[in-house]
Undergrad: 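This is the structure, below, for whatever I ask next.
Counting convention: from 1, in listed order, for ligands and their atoms alike.
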Amino acid sequence: MRKLTSWMPALACAAWLASCTSTQVAPPEAVLPVPEPKQVDWQKMETYAFIHFGLNTFNDREWGYGDSDPKTFNPKRLDCEQWAQTLVAAGMKGVILTAKHHDGFCLWPFEGTDYNISRSPYKEGKGNIVRELCDACRKYGLKFAVYLSPWDRRQANYGTPEYLPYFYAQLRDLLTNYGEVFEVWFDGANGGDGWYGGAKEARTIDRKNYYNYPRIYEMLDSLQPQAVIFSDGGPGCRWVGNERGFAGATNWAFLRKGEVYPGYPNYPELQYGHADGNQWVPAECDVSIRPGWFYHPEEDDKVKTPEQLLDLYYRSVGHNGTFLLNFPVDRNGLIHPIDSANAVRFHQLLQQELKTNLVAGMKAKVSNERGGSYVAAAMTDDDYDTYWATEDGVTTGDIEFSFARPQRMNRLLLQEYIPLGQRVKAFTVEYKADGQWLPVRLNEETTTIGYKRLLRFETVVSDGLRIRITDARGPLCINQVGVYDAGADADCLFVAVQAKMESYPFTLAGVAEGQAAAATDRNDKTTCFVEGDRLVIDLGNVRTVSSFHFLPDQSEPSKGLIANYELSVSTNADDAGSVVKSGEFSNIQNNPVLQSVYFTPVQARYLILKATRMVKADGPMGFAEIAVQ
Ligand code: FUL
């Protein structure tokens with residue numbers, strides 16, 4: 001396939017064009033919005049890792065308040081090369097490190113604060129994990145990037161204009177001294193409460209304007225022009241609207257410019273993008289390999305399985321997003337062996353499933369062809385920059401493969417040539433059975449394609465497969481088609497994710513039996529909603545209890561989320577009980593995973609959970625599952 005390549009100097013290009021008179025066909029015009037070249041490069045990375053590590057790791061927290069003692073940060077066997085090697089074996093192309101999480105603790109010796117790694121016992125205060133990881137990345141061929149939390153629960157001046165120079169200085173330091181980064185990650189979370197230099201209070205900021213992002217973007221463009229900027233609404237890439245690692249099957253790489261900001265109330269729509277958007281802001285699907293983002297020993301048996309990770313891959317990369325998989329580095333300073341084994345196995349499974357492209361090198365029969373180099377064969381070569389295109393005005397088209405012998409098939413890969421925009425709005429997939437075209441059986445809609453669409457369909461054995469594109473925003477530009485047989489287990493489309501919770505038996509005082517059943521049926525799709533701000537759990541007998549667990553409502557978006565709580569116990573019904581624990585369910589809105597409250601064992605028959613603050617003020621509390629141990 002002949003094509004223009006970017007390295008060809010202009011004169012050579014002119015000569016080349018003149019030499020190919022018969023194939024001189026103009027490419028289709030771009031359909032706006034289009035990505036910047038760096039966004040295309042970023043999207044091609046497909047899977048990359050997150051590392052959450054810091055004081056939280058040692059203090060069993062998800063959101064440190066900013067008051068944990070730096071001396072508790074003491075990983076004895078920390079080895080960034082182990083992280084890098086593991087990530088490479090798991091197919092990751094890069095890694096984003098939480099250089100500073102919400103607690104304000106810096107994993108590098110940032111001079112603007114003493115709340116940094118130099119005050120920890122790690123390497124007797126001489127360590128610098130940003131440096132160590134960035135060196136390991138260069139050594140093992142991974143790209144490197146940083147996460148820097150704008151919210152800082154440590155700093156006394158957080159919330160005032162005086163905090164901003166401090167934040168900008170951190171950013172400048174990270175972006176000046178550690179080489180190229182592929183992404184800069186700005187977390188949109190801001191839960192209010194913090195230590196704030198000892199003030200211990202809640203602070204709110206104007207999330208749209210406080211940090212002055214336009215100024216930050218200017219700084220980034222001058223220091224690291226190749227870096228893609230992540231924030232809830234972009235500009236480089238967007239949050240996918242959940243922390244479960246998947247995008248919608250319908251997923252546009254655009255947003256309406258200026259509409260989405262950190263804290264944007266309609267964030268669930270980020271899973272799909274804005275079909276009428278005018279800015280290219282593709283989705284990044286972030287998720288942790290464990291329920292929490294930071295390491296907690298009690299989650300050692302809750303690591304996502306290779307099959308669950310594979311399922312997420314199909315619903316992130318295969319839904320026109322990227323897959324950002326988090327590894328909560330453990331207290332030794334290593335990626336835990338279970339996480340490592342599962343991630344590597346996931347990568348092997350993926351490679352196995354998509355090993356042999358049954359249509360590689362084949363020439364599909366197409367209903368319309370633009371000509372020149374924009375021909376059907378361009379879809380089955382392995383050159384990203386060649387593509388089949390239809391003539392101007394033709395926005396539908398069939399791609400048909402005929403095999404010499406019947407083939408077993410259950411996976412399909414489609415790619416649009418996104419440098420010219422994202423176009424396809426609807427398509428169908430059919431196979432030939434006794435001379436007739438029948439639809440393949442799928443569990444999701446076939447609408448958008450974008451950078452990449454992967455479909456898992458029920459196995460067919462056939463000598464014909466046809467993709468019919470039925471609606472698009474412009475002439476079609478398809479650069480890759482792959483058809484695969486994923487093997488014997490190919491039809492296990494769904495992986496049951498069950499909260500494995502043992503519990504004492506209990507009843508819920510004042511809750512109708514039918515409702516209460518939803519909290520014990522071990523089905524995370526049903527939710528028990530409780531009016532008011534108190535949940536009273538009756539164990540029937542006095543027992544020794546030491547923990548309370550609940551899975552919040554799992555619908556999209558979750559309803560009835562409790563932000564702050566007070567948990568009391570008592571032995572008789574009339575008693576208000578004594579408080580055993582109070583606190584926050586950190587990050588519950590973005591990541592409504594199993595919430596656990598552990599306390600010193602106590603004799604009790606009743607547990608009373610009081611919601612002292614809800615994420616959304618009105619409405620009942622929601623519990624998909626409850627357990628008491
Ligand atoms: C969220 C944070 O609040 C979590 O702690 C985590 O860092 C996740 C990636 O982003 O907004």
Side-chain angles (χ1 to χ4, degrees), residues 47-66 68 92 94-107 145-154 158 183-194 202-205 207 211 229-234 237-247 260-265 267-268 270-271 283-296 299 304 312 316 321-329 339 552 557-558 561 563-564 583-595 615:
T47 53
Y48 43 91
F50 229 158
I51 295 274
H52 275 65
F53 185 56
L55 275 175
N56 290 345
T57 311
F58 298 87
N59 293 275
D60 221 2
R61 284 174 160 176
E62 277 292 294
W63 280 4
Y65 287 95
S68 298
M92 302 289 137
V95 54
I96 307 178
L97 173 69
T98 53
K100 177 191 83 166
H101 201 252
H102 308 325
D103 64 358
F105 182 70
C106 301
L107 289 182
V146 287
Y147 163 116
L148 185 74
S149 171
W151 183 27
D152 191 318
R153 301 173 107 181
R154 172 77 183 177
Y158 180 78
E183 185 169 331
V184 182
W185 221 90
F186 292 118
D187 199 315
N190 192 309
D193 291 343
R203 291 187 182 170
T204 47
I205 51 152
R207 299 229 245 174
Y211 301 110
I229 303 171
F230 168 95
S231 182
D232 289 27
C237 63
R238 71 173 194 264
W239 182 41
V240 74
N242 65 59
E243 292 185 1
R244 298 189 214 171
F246 59 83
V260 180
Y261 54 92
Y264 176 65
Y267 63 89
L270 298 176
Q271 288 180 38
E284 178 183 81
C285 306
D286 61 330
V287 68
S288 185
I289 196 164
R290 291 166 174 249
W293 290 95
F294 285 90
Y295 179 80
H296 308 284
E299 292 182 354
K304 290 188 177 61
L312 289 176
S316 54
T322 58
F323 186 32
L324 171 54
L325 179 62
N326 178 61
F327 293 80
V329 163
D339 307 30
S558 296
L561 295 174
N564 291 73
E584 68 177 6
F585 294 120
S586 299
N587 199 27
I588 194 169
Q589 185 174 9
N590 291 332
N591 195 17
V593 293
L594 185 69
Q595 306 292 316
V615 168

Undergrad: So, using ring-ring contact (aromatic ring centres under 6.0 Å, His included) as the criterion, who are the partners of Phe230 when residues are at least two apart?
TA: Trp185
Undergrad: Do Tyr65 and Asp103 have a side chain donor and acceptor closer than 3.5 Å?
TA: no
Undergrad: Can you tell me how far apart NE2 (His52) and CD (Glu62) are? Round to the nearest 0.5 Å.
TA: 8.0 Å
Undergrad: Parallel, tilted or perpendicular: which one describes the rings of Trp293 and Phe50, with boundaries at 30° and 60°?
TA: perpendicular
Undergrad: Return the OG to CH2 distance between Ser149 and Trp63, rounded to the nearest 0.5 Å.
TA: 9.5 Å
Undergrad: Contact residues of ligand 1 with a heavy-atom cut-off of under 4.0 Å?
TA: Phe50, His52, Trp63, His101, His102, Tyr147, Trp185, Asp187, Ala189, Glu243, Asp286, Trp293, Asn587, Asn590
Undergrad: Can you name the closest pair of heavy atoms from Arg244 and Asn242 and give their distance?
TA: N-OD1, 2.8 Å
